[in-house]
Q: 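There's a structure below that I have some questions on.
Here the structure is a predicted model, which is why all the values come from computation and not from measurement. Labels below follow one simple rule: chain letters A, B, ... track the order of the sequence lines, proteins then strands, and each chain is numbered from 1.
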There are 2 protein chains.
Amino acid sequence: MTDRIEADYLIETAEDPSKAAQVMAGEQSSGTFVSVPGEDAPGVRVARARVERLEVVGEAERPSLPGATPGRPVLARATLSWPLSNMGPSLPNLQATVAGNLFELRAFSGLKLLDLRLPRAFADRNPGPRWGIKGTRRLTGVAAGPLIGTIIKPSVGLSPEETADLVRTLVEAGIDFIKDDELQADGPHCPFPDRVRAVMRVIRDHADRTGKKVMFAFNLTGEVDEMRARHDLVLAEGGTAVMASMHSVGLTGMLALARHTQLPIHAHRNGWGSVGRHPNHGISYVAWSKLWRLAGADHLHVNGLANKFCEDDESVIASARSLLTPLWEDAPMVTMPVFSSGQTIRQAAGTWAALGTDDLIHAAGGGILAHPQGPKAGVESLREAWAAAKAGEDIANHAAHSPALAGALEAYR
Amino acid sequence: MTDRIEADYLIETAEDPSKAAQVMAGEQSSGTFVSVPGEDAPGVRVARARVERLEVVGEAERPSLPGATPGRPVLARATLSWPLSNMGPSLPNLQATVAGNLFELRAFSGLKLLDLRLPRAFADRNPGPRWGIKGTRRLTGVAAGPLIGTIIKPSVGLSPEETADLVRTLVEAGIDFIKDDELQADGPHCPFPDRVRAVMRVIRDHADRTGKKVMFAFNLTGEVDEMRARHDLVLAEGGTAVMASMHSVGLTGMLALARHTQLPIHAHRNGWGSVGRHPNHGISYVAWSKLWRLAGADHLHVNGLANKFCEDDESVIASARSLLTPLWEDAPMVTMPVFSSGQTIRQAAGTWAALGTDDLIHAAGGGILAHPQGPKAGVESLREAWAAAKAGEDIANHAAHSPALAGALEAYR
């Protein structure tokens, strides 16, 4: 444990990589391009970022991005460090230091923030996930196994009553978790308060009859005062989760919500592909998600195996593993990974094999609603697929005892 | 004027571009990958995004990003539209629609949001820049010509008193505008309140003696309550501007500040390179800055001609022009462009020639402080360079009557 912030980068540069790393360190701390008065002040020398490690790891075939110093670039891993006293344990200001102007430096034809290690002071200052896995299991009453979840589809266009009708189908099917689509917030055809009231009526009725209260993450993304008021309504209606789009609210917005909330925050990553998809530029999920865990995300999307998007399985599993890895021993700030996107019974075994845990939400849309025997069989088939995976049993063998799973194996090939 | 949101994209796809555009439209509105109940509900049909235009504009040599459908991609410009009723005039929710999951779609090896056209309702709902150019000129007393500005350097490490000493030098040099570096916020060695008090003492003293109140943009980036309290302190100390890092505070954080502020907001773009630098992926400055203008940015960084970063001059000028172009005729929401990064007297003529206006802040660091005759000559030389440019006079001829400009021509080659 030190009082320095460390950040690992992949850099792509046609310059001398060690000089290029020094340019980064200068730009992101006390450096200037021309000599100015004051640069020898004692505080300035202390504030200077250090290049802790630098290792050339290969060559790039060509520059990933234009505008850089010409030449064939090498790829290197660089670790920089800063004294905590440069900005204190403030997440928004940390971001400006570790992921600020440096993406535009001419020395680099690509620069990706790979990982972050932070002084323990960040845990004291920031809320972190206050529910996480344990709290989510407690609120949903799902003591073991993955939470089987789904997303309201069509994404946008349903009225509050149509949404509530779909929720009725889903809660009767035995689902554990439902979320709004990120496109559905507070549009005039589906106002947030009306949706919450209509949906919670269904969820409360179902809980009264069965004892099972399904968790619904209402998308309250908006301005700070709106989010607080929407949260308060969800709480008053007996709801057990809220959802916000991280790229829309920013770290400052998420912190404002986290300081206020009495409910778990389901954090939606839409927009992540704009900064995280390029292999040699931007911000890795592993580094990026640490900021959001500290800011209060209880659930974080990681995509899913064999998803409908462009991300490969290795990256999905690396993301989920990082969320399940403690940030500090005495302040783990573990966030529950949410697997979604084209998910069916087909991904249970692979997800279990890669992670060795089912402390996660497995969300399927068509994988539940399009089950030929209906949504109840859809939910059941997912649970059976996970049971088979955990027992180390072949899914086809397991299906011999489960018509729902057998039906799913037919339907989802 | 319609009630539809329109967004232009550059797409890179090895699929049939018109089918790929339909996938985008579906993903970002009411589409689902498998047939689900409810997709024929009347509201859902209304909510569907439309592909308004599609034009193939070329071929890409290779896919910009991995994970996409294989093949040699074409480049196309696609315009999509959505009904305003999908999300209402909420900027955070607009972002999730026009710049959300679509960056991860497998159909695309690159996807860049190029521009946005929004219904007038966004102007009614959002604060926009309340000071902009006119308010900034009024507060600084600079009725004509560019505001000559600078940035506190070294970026981080100076104590409050050392910062105030530098400010004394700068205000005595005749500067109009000073900003904190984005790395300097509220670290323990330079606490925000101490810095504001020390700096404002100097600025008030100078104003009392000369009548000229220099605008200092204090970087108050942080949590919402911190930003509001810091703003109130700046206001109480007689300050005339605050600064926030856009990527750190998010649209939600910026809106919270804009709803509270009684001072212009200097919006810092650090981190923009993570989403804006790739020519075929992410978000263009033109589209991105419209969101921040609506959210309340009075000043926006555009980099500068011949800057020390990777951006070319054409892009810098396109950014500045877009900020100066009204969003709506009766709600222009024009934001003052801030030119910075390696700026000296050398960039005045080119900037004037490209823009035809000096409604801007021209910020130089070494271009002022490293002037051989001192900072006062540094400021004067920049004003003279602009005067020459506006008069259509050659800078060397003009320097015959200005020793400060002559010195600058010697020093900055």
Q: Is there a donor-acceptor contact under 3.5 Å from the side chain of A:R269 to the main chain of B:N101?
A: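 No, A:R269 side chain to B:N101 backbone: no donor-acceptor pair under 3.5 Å.
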
Q: Against chain B, work out which of A:A107, A:C190, A:S245, A:S29 has the most heavy-atom pairs shorter than 4.5 Å and name it.
A: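 Of A:A107, A:C190, A:S245, A:S29, A:S29 has the most heavy-atom pairs under 4.5 Å with chain B.
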
Q: Working to the nearest 0.5 angstrom, can you tell me the gap between B:S109 OG and A:R277 CZ?
A: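 Interatomic distance, B:S109 OG to A:R277 CZ, rounded to 0.5 Å: 7.0 Å.
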
Q: Would you mind checking which part of B:E182 comes under 4.5 Å of any heavy atom in chain A, side chain (CB onward), backbone (N, CA, C, O), both or neither?
A: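 For B:E182, the contact with chain A is made by backbone and side chain together.
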
Q: Of the backbone (N, CA, C, O) and the side chain (C-beta and beyond), which part of A:R259 lies under 4.5 Å from a heavy atom of chain B, both, or neither?
A: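 Answer is side chain: those atoms of A:R259 sit under 4.5 Å from chain B.
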
Q: Any chance you could measure A:S30, atom OG, to B:L158, atom CG, to the nearest 0.5 Å?
A: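 Result: 9.0 Å between the selected atoms.
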
Q: Minimum heavy-atom separation for B:P188 to A:S85, with atom names?
A: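 Answer, listing the atom of B:P188 first, then A:S85: CD-O, 3.4 Å.
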
Q: Given a strict heavy-atom distance threshold of 4.5 Å, which part of B:N280 is in contact with chain A: side chain, backbone, both, or neither?
A: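 Contact with chain A involves no heavy atom of B:N280 at all.
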
Q: Picking from A:P66, A:G88, A:P83, which has the most non-hydrogen pairs under 4.5 angstrom with chain B?
A: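 Of the candidates given, the most pairs with chain B belong to A:P66.
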
Q: Could you tell me which of B:S315, B:A185, B:G222, B:G282 has the largest number of non-hydrogen atom pairs under 4.5 Å with chain A?
A: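 Answer, by heavy-atom pair count under 4.5 Å with chain A: B:G222.
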
Q: Between B:T252 and A:V224 (side chain of the first, backbone of the second, donor and acceptor by atom type, cut-off under 3.5 Å), is there such a pair?
A: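 Side chain of B:T252 to backbone of A:V224: no pair is present.
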
Q: Do you know which of A:A68, A:G273, A:S159 has the most heavy-atom pairs under 4.5 Å to chain B?
A: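 Of the options given, most contacts go to A:G273.
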
Q: Less than 4.5 Å to any heavy atom of chain A: does that hold for the side chain of B:V249, its backbone, both, or neither?
A: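 When you check distances to chain A, atoms from both the backbone and side chain of B:V249 fall under 4.5 Å.
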
Q: For B:D181, is it the side chain, the backbone, both, or neither that has a heavy atom closer than 4.5 Å to a heavy atom of chain A?
A: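 No part of B:D181 comes within 4.5 Å of chain A.
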
Q: Is the closest side-chain heavy-atom distance between B:L183 and A:M87 below 4.5 Å?
A: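 Not touching, per the 4.5 Å side-chain cut-off.
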
Q: OG/A:S248 to CG/B:L291 distance, rounded to the nearest 0.5 angstrom?
A: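 One gets 9.5 Å once the value is rounded to the nearest 0.5 Å.
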
Q: Which bit of B:S64 is near chain A, if near means a heavy-atom gap under 4.5 Å: side chain, backbone, both or neither?
A: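 Backbone only.
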
Q: Name the region of A:D165, side chain, backbone, both or neither, that has any atom closer than 4.5 Å to a heavy atom of chain B.
A: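 Neither the backbone nor the side chain of A:D165 comes within 4.5 Å of chain B.
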
Q: Could you measure the distance from the CD atom of B:Q184 to the OG1 atom of A:T97? Nearest 0.5 Å is fine.
A: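 These two atoms lie 10.0 Å from each other.
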
Q: Could you look at B:M227 and say if it's the side chain, the backbone, both or neither that has a heavy atom under 4.5 Å from chain A?
A: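 For B:M227, the contact with chain A is made by the side chain alone.
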
Q: Any salt bridge between B:R125 and A:E226, counting N to O under 4.0 Å?
A: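 A salt bridge is present here (some side-chain N lies under 4.0 Å from a carboxylate O).
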
Q: I'd like to verify something: which residue of B:R45, B:H247, B:K112 has the highest number of heavy-atom pairs under 4.5 Å with chain A?
A: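 Heavy-atom pair counts peak at B:H247.
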
Q: Using non-hydrogen atoms and a 4.5 Å limit, figure out which bit of B:E223 sits close to chain A: side chain, backbone, both or neither.
A: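 Both parts, backbone and side chain.
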
Q: What residue, out of B:P92, B:G43, B:G271, B:G67, has the most heavy-atom pairs lying under 4.5 Å from chain A?
A: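 The candidate making the most pairs under 4.5 Å is B:P92.
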
Q: Look at B:P89, B:A96, B:G250 and state which one has the largest set of heavy-atom pairs under 4.5 Å with chain A.
A: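 Looking at each of B:P89, B:A96, B:G250 in turn, B:A96 comes out on top.
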
Q: Do A:L65 and B:P279 come close enough that some side-chain heavy atom pair is under 4.5 Å?
A: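 Heavy-atom side-chain distance check passes, below 4.5 Å.
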
Q: Do A:H278 and B:H278 have their ring centres less than 6.0 Å from each other?
A: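 Yes - the distance between ring centres of A:H278 and B:H278 falls below the 6.0 Å cut-off.
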
Q: For residues B:V275 and A:S274, report the shortest heavy-atom separation together with the two atoms involved.
A: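 Smallest interatomic distance, heavy atoms only, reads CG1-OG, 3.7 Å.
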
Q: Find the one option among B:G276, B:S341, B:G187, B:G253 whose heavy-atom pairs under 4.5 Å with chain A are most numerous.
A: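 Option with the greatest count: B:G187.
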
Q: Heavy atoms only: give me the nearest A:F309-B:E27 pair and the separation to one decimal.
A: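 Taking every non-hydrogen atom into account, CZ-OE2, 3.5 Å.
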
Q: Within the structure provided, determine whether B:N307 and A:E104 are in side-chain contact (heavy-atom separation under 4.5 Å).
A: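 No, every pair of side-chain atoms sits at 4.5 Å or beyond.
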
Q: Below 4.5 Å, heavy-atom pairs only: which of A:L251, A:V46, A:N93 has the largest tally toward chain B?
A: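 Sorted descending by pairs with chain B, the first entry is A:N93.
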
Q: Can you give me the closest heavy-atom contact between B:G157 and A:A47, atom names plus distance?
A: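 Heavy atoms only, the tightest pair is CA-CB, 3.8 Å.
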
Q: Rounded to the nearest 0.5 Å, how far does NE2 of A:H281 lie from NE2 of B:H281?
A: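 Nearest 0.5 Å value for the NE2-NE2 distance: 10.5 Å.
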
Q: With only heavy atoms counted, which part of B:D312 is less than 4.5 Å from chain A, the side chain, the backbone, both or neither?
A: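 Neither part, no heavy atoms under 4.5 Å.
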
Q: Where does B:A99 contact chain A at under 4.5 Å (heavy atoms): side chain, backbone, both or neither?
A: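 Only the backbone of B:A99 comes within 4.5 Å of chain A.
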
Q: Go through the atoms of B:T221 and report whether side chain, backbone, both or neither lie under 4.5 Å from a heavy atom of chain A.
A: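 For B:T221, backbone and side chain are both near chain A.
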
